[in-house]
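Contents: one structure, followed by commentary.
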Amino acid sequence: MANYGNQVQFNVYQTMPNPDPNRLPVVYEEWEEMAREVLEDGPYYYVAGGAGGEDTMKANLKAFSRWKIVPRMLRDVEERDISVELFGRTYQSPLMLAPIGVQSIIHPDGEIASARACAEMNVPYITSSASTKPMEKIAEEMGDAPRWFQLYWNRDPEVTKSFLQRAEASGYSAIVATLDTPMMAWRENDLKNVYLPFLVGEGVGNYLTDPAFCAKLDKSPHEDPTSAIMHWTQTFGNPTLTWKDIAFLKENTSLPILLKGILHPEDAKLAVEHGVDGIIVSNHGGRQVDGAIGALDALPLICDEVKNEIPVLMDSGIRRGSDIVKALALGAKAVLIGRPCMYGLAVAGERGVREVLQNLTADMDLTMALAGERSIQDLKRSILIEKD
Ligand SMILES: Cc1cc2nc3c(=O)[nH]c(=O)nc-3n(C[C@H](O)[C@H](O)[C@H](O)COP(=O)(O)O)c2cc1C
Ligand SMILES: CCCCCCC(=O)C(=O)O
């Protein structure tokens, strides 16, 4: 049963007469402003920016604000349940940390800080292929805490196979295969700032420690780092993939496979037909196809197509608890939190990520209760209305 809401509310009210000077922000926009103050242009815009004219980023936020909650009264919401079951494991809440690469560009502890915050909160952490720290090091920091591994499907099948084996060996319990990034999109801010973290060696940690990747190099990354990074740029993504290739993933891992980046109901149908275990409705936070549909707008059509055959998760644009309630009511089983946690990381490292996750959880729990609902399992489309 949840008590996040009351607990956090109590702490907030307690500090009101004598505000703690070390208190972190509560408001999402304030976190972003503080991150802007502590980061240089390159890293800040790498995180905050999107593809093209950032239309999709705007569409993500607009979609959340178009759906309105219609609260119900007198429904005894004293005891609440915000736990969720996925692939045979029960999680305390429906929040997860989205896979985010290159986190050391915004905080020296990078992924280690985020993973530790998640472990403390029992929130699943999704390690990105493009992490600055190797997946084994992140796993080591997490003990038994839940973690999934996000796969960027390398052009070299041996590297992809090796990543899957390493993830399994280091205790990751699901594979998230991201499909929307076989190459990087036209990101205007990064082009303007001439900033690409990978070219200075950030985000290639998993590759430079990979035996299959290193086997293809003439010299070790230690001896010739530039050639190693160049090899990475040529092999990182695989635009030749088709639905046939899903069989390769299934042959090479026994872990549940989720496909991330699904927006079209026909693709959701194909995912089910190809026997994957879950999908993540996402437009990569508006960082890939500018002009794409807002992720929340894509969600109900996809859930209608999937008909509960496999779990549907979502991300892109979640900023507050009410956004989470809306995504769950439209059919998502769980949600991935992206930029809000990264601003927490930039501002206050591990403590910042924990604070953002705690606040989002409390806000979601309170919003659900005040909408007249006791359990996230019971959230249905009928509590929402779409209004422009
Ligand atoms: C700086 C940054 C790096 C990201 N790196 C990855 C990645 O390595 N793999 C991946 O699947 N998605 C990556 N994403 C996308 C997130 O997983 C998620 O889809 C997105 O952040 C959700 O949008 P939101 O942050 O606006 O809520 C990244 C996003 C950001 C902001
Ligand atoms: C060359 C593309 C690497 C992208 C890895 C990080 C990412 O997904 C992002 O959105 O940035």
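Atoms within a ligand are numbered from 1 in the order they appear, just like the ligands themselves.
- Contacts of Thr178 with ligand 1, taken as heavy-atom pairs under 4.0 Å, involve the side chain alone.
- Not a single heavy atom of Gln103 lies less than 4.0 angstrom from ligand 1.
- Residue Ala167 comes nearest to Ile175 through the heavy atom pair CB-CD1, 4.1 Å, listed as atom of the first residue, atom of the second, then distance.
- Counting heavy atoms under 4.0 Å from ligand 1, residue Lys260 touches it through the side chain alone.
- Taking atom 25 (O) of ligand 1 as the reference point, the nearest protein heavy-atom neighbour is Arg339 N, 2.8 Å.
- Nearest protein heavy-atom neighbour of atom 7 (C) of ligand 1: Tyr152 OH, 3.4 Å.
- When all heavy atoms are compared, the tightest approach of Val353 to Cys341 is CG2-O, 3.7 Å.
- Atom 21 (O) of ligand 1 has as its closest protein heavy atom Gly338 CA, 3.8 Å.
- Met368 and Ile385 are assigned to two separate hydrophobic clusters, defined by single-linkage of ILVMFWY side chains at heavy-atom distances under 4.5 Å.
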Can you list every pair where an N/O of ligand 2 is under 3.5 Å from an N/O on the protein?
unit_1   : atom_1 : unit_2 : atom_2 : d
ligand 2 : 8 (O)  : Tyr152 : OH     : 2.6
ligand 2 : 8 (O)  : His284 : NE2    : 2.9
ligand 2 : 10 (O) : Arg187 : NH1    : 3.4
ligand 2 : 10 (O) : Arg187 : NH2    : 2.9
ligand 2 : 10 (O) : His284 : NE2    : 2.8
ligand 2 : 10 (O) : Arg287 : NE     : 2.8
ligand 2 : 11 (O) : Tyr46  : OH     : 2.4
ligand 2 : 11 (O) : Arg187 : NH1    : 2.9
ligand 2 : 11 (O) : Arg287 : NH2    : 2.9

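- Neither the backbone nor the side chain of Met57 has any atom closer than 4.0 Å to an atom of ligand 1 (non-hydrogen atoms only).
- Proximity to Ser128 (heavy-atom distance under 4.0 Å) selects the following atoms of ligand 1: 7 (C), 8 (O).
- A cation-pi arrangement, defined by a distance under 6.0 Å to the six-membered ring centre and an angle within 45 degrees of its axis, is present between Arg147 and Tyr172.
- Looking at residues two or more places apart in sequence or on another chain, you find a side chain to side chain contact (heavy atoms under 4.5 Å, CB included) between Val77 and Ala369, Arg374.
- The pair Glu373-Lys380 does not count as a salt bridge, with every side-chain nitrogen at least 4.0 angstrom from each carboxylate oxygen.
- Distances from atom 22 (C) of ligand 1 to the heavy atoms of Ala48, Ser129, Ser316 put Ser316 nearest.
- Here Arg75 does not pair with Asp378 in a salt bridge; the nearest charged N to carboxylate O distance is not below 4.0 Å.
- Within the 4.0 Å heavy-atom cutoff, Val47 counts among the residues contacting ligand 1.
- The backbone N or O of Ala292 sits less than 3.5 Å from a side-chain atom of Thr56, completing a donor-acceptor pair.
- The side chain of Ser282, and not its backbone, has at least one atom closer than 4.0 Å to an atom of ligand 1 (non-hydrogen atoms only; side chain from C-beta on).
- Nearest heavy atoms, Ala268 versus Val306: CB-CG2, 3.9 Å.
- Cation-pi check for Arg166 over Phe163 is met; the charged atom lies under 6.0 angstrom from the ring centroid and within 45 degrees of its normal.
- When the options Gln288, Arg287, His284, Met314 are ranked by their closest heavy atom to atom 1 (C) of ligand 1, first place goes to Arg287.
- In summary, the atoms of ligand 1 found under 4.0 Å from a heavy atom of Ile100, numbered by their order in the structure, are 1 (C), 2 (C), 3 (C), 4 (C), 5 (N), 6 (C), 29 (C), 30 (C).
- Interatomic distance, His231 NE2 to Phe213 CZ, rounded to the nearest 0.5 Å: 5.0 Å.
- Heavy-atom proximity to Asp315, at under 4.0 Å, picks out these atoms of ligand 1: 18 (C), 19 (O), 22 (C).
- For atom 5 (N) of ligand 1, the closest non-hydrogen atom of the protein is Gly101 N, 3.1 Å.
- Contact detail for Lys250 and His274: the closest heavy-atom pair is CD-O, 3.5 Å.
- Residue, atom and distance of the protein heavy atom nearest to atom 16 (C) of ligand 1 are Pro99 O, 3.5 Å.
- Here the closest heavy-atom approach between residue Asn193 and residue Asp41 is recorded as ND2-O, 3.9 Å.
- No N or O atom of Ala130 sits closer than 3.5 Å to an N or O atom of ligand 1.
- Ligand 1 has no nitrogen or oxygen under 3.5 angstrom from a nitrogen or oxygen of Ala98.
- Under 4.0 angstrom from ligand 1, the non-hydrogen atoms of Gln150 all belong to its side chain.
- In this structure, atom 20 (C) of ligand 1 lies nearest to the protein heavy atom Gly285 N, 3.8 Å.
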Under 3.5 Å donor-acceptor pairs involving side-chain atoms of residues 199-206, not counting sequence neighbours:
unit_1 : atom_1 : unit_2 : atom_2 : d
Asn206 : OD1    : Met135 : N      : 2.7
Asn206 : ND2    : Ser128 : O      : 3.4
Asn206 : ND2    : Ser129 : O      : 3.1

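- In terms of heavy-atom proximity, Leu384 sits nearest to Lys326 at CD1-O, 3.8 Å.
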Mind listing the side-chain donor-acceptor pairs of residues 45-54 below 3.5 Å, one per line with the distance, residues two or more places apart or on another chain?
unit_1 : atom_1 : unit_2 : atom_2 : d
Glu54  : OE2    : Gly50  : N      : 2.8
Glu54  : OE2    : Asn189 : ND2    : 3.2

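- Each of the following atoms of ligand 1 lies closer than 4.0 Å to a heavy atom of Arg319: 24 (P), 26 (O), 27 (O).
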